[in-house]
2 protein chains.
Amino acid sequence: MRLLLVEDEARLAASLVRGLRADGVVVEVAEDGPTGLRLARELDFDVIVLDLMLPHMSGFRVCQELRRANVWTPILVLTAKTGEFDEIESLDSGADDFLTKPFSYSVLLARLRVLLRRDVNERPVVLEADDLRLDPATKSCARAGVDIALSAREFSLLEYFLRNANRVLSKDEILDHVWDPDFDGSPNIVEVYVGYLRRKIDRPFSTNSIVTVPRSGYLFQCGA
Amino acid sequence: MRLLLVEDEARLAASLVRGLRADGVVVEVAEDGPTGLRLARELDFDVIVLDLMLPHMSGFRVCQELRRANVWTPILVLTAKTGEFDEIESLDSGADDFLTKPFSYSVLLARLRVLLRRDVNERPVVLEADDLRLDPATKSCARAGVDIALSAREFSLLEYFLRNANRVLSKDEILDHVWDPDFDGSPNIVEVYVGYLRRKIDRPFSTNSIVTVPRSGYLFQCGA
DNA sequence: CAGGACTCTCAGCGCCCTCTCAGGGCGTTG
DNA sequence: CAACGCCCTGAGAGGGCGCTGAGAGTCCTG
């Protein structure tokens, strides 16, 4: 773990560095605001510990400047003041947490653990098949970079195809998964909607993703 | 924003609920550990405020059980004790932050803002989407530098949209997060307020941030 | 007490989505 | 070759769904 400590009090800094290094943390120290800002922008840290009272430039400023420069490294602010005003202001200026001096080393460590625990949820569950993209989160669809407007039913159907690509799906199967369970119309509706889809995602691009398998159903093919 | 408050002291709970609701937060209250645990597991909250001293089950246990059950909602622990031991133990048992009683309401709010910002991919304090800016701390809103006056409800709704940008939100989902839990009107209210927002943040600027996704809900889109 | 801001309800309207239906093409089967 | 089954598609009905204006109720403020 790489940590940047921005702290001008030599004694405190030295003792923190000793403790952190003993715990296997890679520590860099900056002794004033501008230096801290520069290091934070130029190097890649996992977390920043920032004192509020600094020579030349306050911790507030450093914090704000960093966020403004689009640096989102977690910041833990240290403050000797006890007023809640500072507290609120640090948090609102972009800090992730703060600690009031004096504090114990173990508390600092526990806080750092929390800050580092954020495993940012990877999300993009985008369905892709060749040049076709389907995003369930935004209900959007595009082929070869061209946006395609789909109705709700069309989207559900295409989503089902993509999730079962390269597999023959019978009309009844499709009916079960894409239409309401209590739908009692004829399977012809599937043919109708397959037709709609082909007109939107195949014909304009001269592709042939949705293949009819006579007497069996349909097949969405990709990755050929 | 949906918040779960687990607190058995009625006076404190009531005053927090009043304050939070006035700020547009949707609050549910649990008065003991097991109830809190159950609600937290069954419902979808944005943040949990948890007292340590609780009937039937301590805050520690609640916290641990939740994390064990794979519920990662941010948790802010309230504690009356002053020893740092509790502090470390809460943080290590899965809490994201803690606050020692007595505390001021504004500090609580600031901490909550931090937790929420963290939850949704490390967001700055001010919510931004293209040229739209929303500041939860001051309840102010501006597009392209022009200030826009929003009512409390409109603000909550827009804030929810911004925190879930580029994702389709169903009307029920919106109802759950922006309106009180005991609201039992029809989802039409969402359409009405979306209409209000569009008149204020889209029409005057010829933009189209809030998109209707028929039969699915609404989508706030930005950064396209 | 009047006026205004805000929240919510309700009903009307219009669009487009969904689904039905029937006719035609095509391959298969007798 | 005729008959049949299977698939495709255009036309069109109906209704669900979303949007909006009007207005009632409430609270706050001057």
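Note on naming: letters A, B, ... go to the chains in the order of the sequence lines (proteins, then strands), and numbering restarts at 1 for each one.
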- Query: Taking C-beta and beyond as the side chain, do B:F161 and B:V194 meet within less than 4.5 Å on heavy atoms?
  - Reply: yes
- For C:dC8, does OP1 or OP2 lie under 4.0 Å from any side-chain N or O of B:W179? yes
- Query: Starting at the 5' end of DNA chain C and moving along, which residue's nearest nucleotide shows up first, B:P214 or B:N188?
  - Reply: B:N188
- Message: Nearest whole Å is fine: how far is D:dG21 P from B:R198 CZ?
- Response: 13 Å
- Examine distances only and state if a side-chain atom of A:E154 and a backbone atom of A:S151 form a donor-acceptor pair shorter than 3.5 Å. yes
- Have a look at A:L219 and tell me which of A:L169, A:V213, A:I210 forms a side-chain contact (heavy atoms from CB on, under 4.5 Å) with it. A:V213
- Task: Round to the nearest Å and state the distance from B:Y218 atom OH to D:dC19 atom C1'.
- Result: 8 Å
- Residue whose closest nucleotide on DNA chain C lies nearer the 5' end, A:S151 versus B:G185: B:G185
- Message: Tell me if the centroids of the rings in A:W179 and A:Y160 come within less than 6.0 Å of each other.
- Response: no
- Would you kindly give the CG-to-P distance between A:D182 and C:dC19, to the nearest whole Å? 11 Å
- Message: Could you tell me if the side chain of B:L4 sits less than 4.5 Å from the side chain of B:V47, heavy atoms only?
- Response: no
- Message: Let's see if you can work this out: which of C:dT7, D:dT20, D:dC8 has an atom nearest to the side-chain heavy atoms of B:R199?
- Response: D:dT20
- Query: In whole angstroms, how far is the P atom of D:dC7 from the OH atom of A:Y193?
  - Reply: 19 Å
- Message: Check this one for me: any side-chain N or O of B:K171 less than 4.0 Å away from OP1 or OP2 of D:dG18?
- Response: yes
- Task: Would you indicate what B:F155 reaches in the nucleic acid, counting non-hydrogen atoms under 4.0 angstrom: base, sugar-phosphate, or nothing?
- Result: nothing
- Query: Between the base of D:dC19 and the side chain of B:Y196, is there a donor-acceptor distance below 3.5 Å?
  - Reply: no
- Query: How close or far is atom P of C:dC16 from atom CZ of B:R215, stated in whole angstroms?
  - Reply: 12 Å
- Query: How close or far is atom C1' of D:dC17 from atom CZ of A:R153, stated in whole angstroms?
  - Reply: 14 Å
- Item | Distance, rounded to the nearest Å, where B:K200 contributes NZ and C:dC6 contributes P | 6 Å
- Indicate, with a heavy-atom threshold strictly under 4.0 Å, whether A:V192 touches base, sugar-phosphate, or nothing. base
- C:dC8 C1' sits how many Å from B:E154 CD, rounded? 13 Å
- Can you find a side chain N or O atom of A:R203 that sits less than 4.0 Å from OP1 or OP2 on D:dC8? no
